[in-house]
Amino acid sequence: DCMKLNPSFLGIALSSLLAIDLWASKRLGVCAGEGSAWGSARPLMKVIEVSGHGIPWLLGTFYGLCQSDSSAAREVLLNLLFALLLDLVLVAVVKGLVKRRRPTHNKMDMFVTISVDKYSFPSGHATRAALVCRFVLHHLVLAVPLRVLVVLWALIVGVSRVMLGRHNVTDVLFGLLLGYALYGVVEYCWLSPLSAPALFALW
């Protein structure tokens, strides 16, 4: 009772940040519905949504792994597959623990959802975009314009989550940070013919 009557500075600060987060997220949700301020851009935002979804990335990586005839390419693709699976598991665990509901202005018409997708924190799309961005920049030789496009794609995926009303701003910011950090885990646990011979023997 004493704490309720005399809330701590930290409690006030967190409540204020949460209020700002909810306010900013609602104001930025300009594509949350067809009748929203930028409702005409909603189809484009949904295409961007699919580009950051886990299923296309998993299927594409697995297909590339099966079709590749280069040992170096197989090593990179196998580690990308590992990174994507690790991302899915980690995001699902955090969502299940935090259980933050999606913004009230979100329209539940998302592309292929599972049970934990009813929760908002963190944004799996943002996490995946940051992870894939770092992975691609470190393991593919790309010209500068393409490298810029990869970074822009990751940022646009994050922004689109708020514009569509799928996530709050903090969900996306934390997701980008989590994906950025997750790449470090993937590099530390890098799978190679020496560290995981059984996996490479399958291919």
Side-chain angles (χ1 to χ4, degrees), residues 14 17-39 41-63 79-136 150 152-183 185-186:
L14 288 175
L17 286 174
L18 178 60
I20 293 169
D21 180 34
L22 296 176
W23 172 82
S25 302
K26 191 167 185 178
R27 290 294 300 270
L28 293 171
V30 291
C31 300
E34 290 78 6
S36 301
W38 293 8
R42 184 174 172 80
L44 175 60
M45 290 296 109
K46 293 190 73 174
V47 170
I48 295 170
E49 177 176 65
V50 174
S51 78
H53 197 281
I55 290 179
W57 277 102
L58 284 170
L59 291 178
T61 303
F62 185 75
Y63 178 79
N79 280 279
L80 178 57
L81 184 64
F82 166 65
L84 293 169
L85 291 172
L86 184 62
D87 165 66
L88 284 175
V89 171
L90 183 59
V91 169
V93 169
V94 176
K95 281 187 174 183
L97 290 173
V98 177
K99 294 183 178 178
R100 185 184 195 185
R101 293 288 176 180
R102 291 190 181 270
T104 54
H105 56 283
N106 175 46
K107 184 178 178 182
M108 289 299 289
D109 59 349
M110 292 178 287
F111 174 74
V112 188
T113 58
I114 56 174
S115 60
V116 293
D117 282 331
K118 63 186 176 183
Y119 300 125
S120 175
F121 184 91
S123 165
H125 280 69
T127 305
R128 191 172 305 109
L131 173 63
V132 169
C133 177
R134 283 198 77 189
F135 194 100
V136 168
V150 170
L152 283 177
W153 167 78
L155 294 175
I156 289 170
V157 167
V159 171
S160 72
R161 308 310 292 153
V162 180
M163 291 178 68
L164 279 168
R166 307 296 197 206
H167 291 279
N168 296 301
V169 175
T170 49
D171 302 335
V172 171
L173 292 177
F174 185 83
L176 290 172
L177 289 173
L178 182 61
Y180 188 88
L182 192 57
Y183 174 78
V185 176
V186 174

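Applying the salt bridge (charged side-chain N to carboxylate O under 4.0 Å, His left out) definition to pairs two or more places apart or across chains, those involving residues 43-53 are K46-D109, E49-R161, E49-R166.
At least one side-chain heavy atom of L58 sits under 4.5 Å from a side-chain heavy atom of L88. For the pair R102 and K118, the minimum side-chain heavy-atom distance is 4.5 Å or more. Using a 4.5 Å cut-off on side-chain heavy atoms (C-beta onward), V98 and Y119 make no contact. At a threshold of 4.5 Å between non-hydrogen side-chain atoms, the residues V132 and L84 count as touching. Looking at heavy atoms from C-beta onward, I55 lies in side-chain contact with L59 at the 4.5 angstrom threshold. In this structure, the side chains of V30 and S36 stay at 4.5 Å or more apart for every pair of heavy atoms.
Using bins of under 30°, 30° to 60° and over 60° for the plane-to-plane angle, the ring pair H53/H125 lands in the perpendicular bin.
Partner of F121 under the side-chain contact (heavy atoms from CB on, under 4.5 Å) criterion, out of K95, K99, R100: R100 alone.
D171 and S120 share a donor-acceptor pair across their side chains, judged by distance under 3.5 Å alone.
To the nearest 0.5 angstrom, I156 atom CD1 is 10.5 Å from W153 atom CH2. We find the OG-CG distance between S160 and L155 to be 11.0 Å, quoted to the nearest 0.5 Å. To the nearest 0.5 Å, atom CG of residue N79 and atom OH of residue Y183 are 9.0 Å apart. Distance OG1/T61 to CZ/F135: 8.5 Å, rounded to 0.5 Å. Distance check, rounded to the nearest 0.5 Å: CD1 of I48 to CG of L164 gives 8.0 Å. To the nearest 0.5 angstrom, D87 atom CG is 10.5 Å from L80 atom CG.
Put simply, the side chain of T127 gets close to the backbone of G175: a donor and an acceptor are under 3.5 Å apart. In this structure a side-chain-to-backbone donor-acceptor pair under 3.5 Å is present from W57 to S51. Distance alone, capped at 3.5 Å, places no donor-acceptor pair between the N168 side chain and the D21 backbone. Counting only distance, with no hydrogens or angles, the side chain of S123 and the backbone of A126 share a donor-acceptor pair below 3.5 Å.
Shortest non-hydrogen contact noted between P103 and H167 is CG-C, 3.7 Å. Pairing each heavy atom of A83 with each of V186, the nearest pair is CB-CG2, 3.6 Å. When every heavy atom of P56 is checked against every heavy atom of V50, the shortest pair comes out as CG-O, 3.7 Å.
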Assess whether side chain to side chain contact (heavy atoms under 4.5 Å, CB included) is satisfied between R42 and M163, documenting all intermediate values.
CA-CA 9 Å; R42 184 174 172 80; M163 291 178 68; over 6 Å; no

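Under the 6.0 Å distance and 45° angle rule, R134 counts as a cation-pi partner of Y180.
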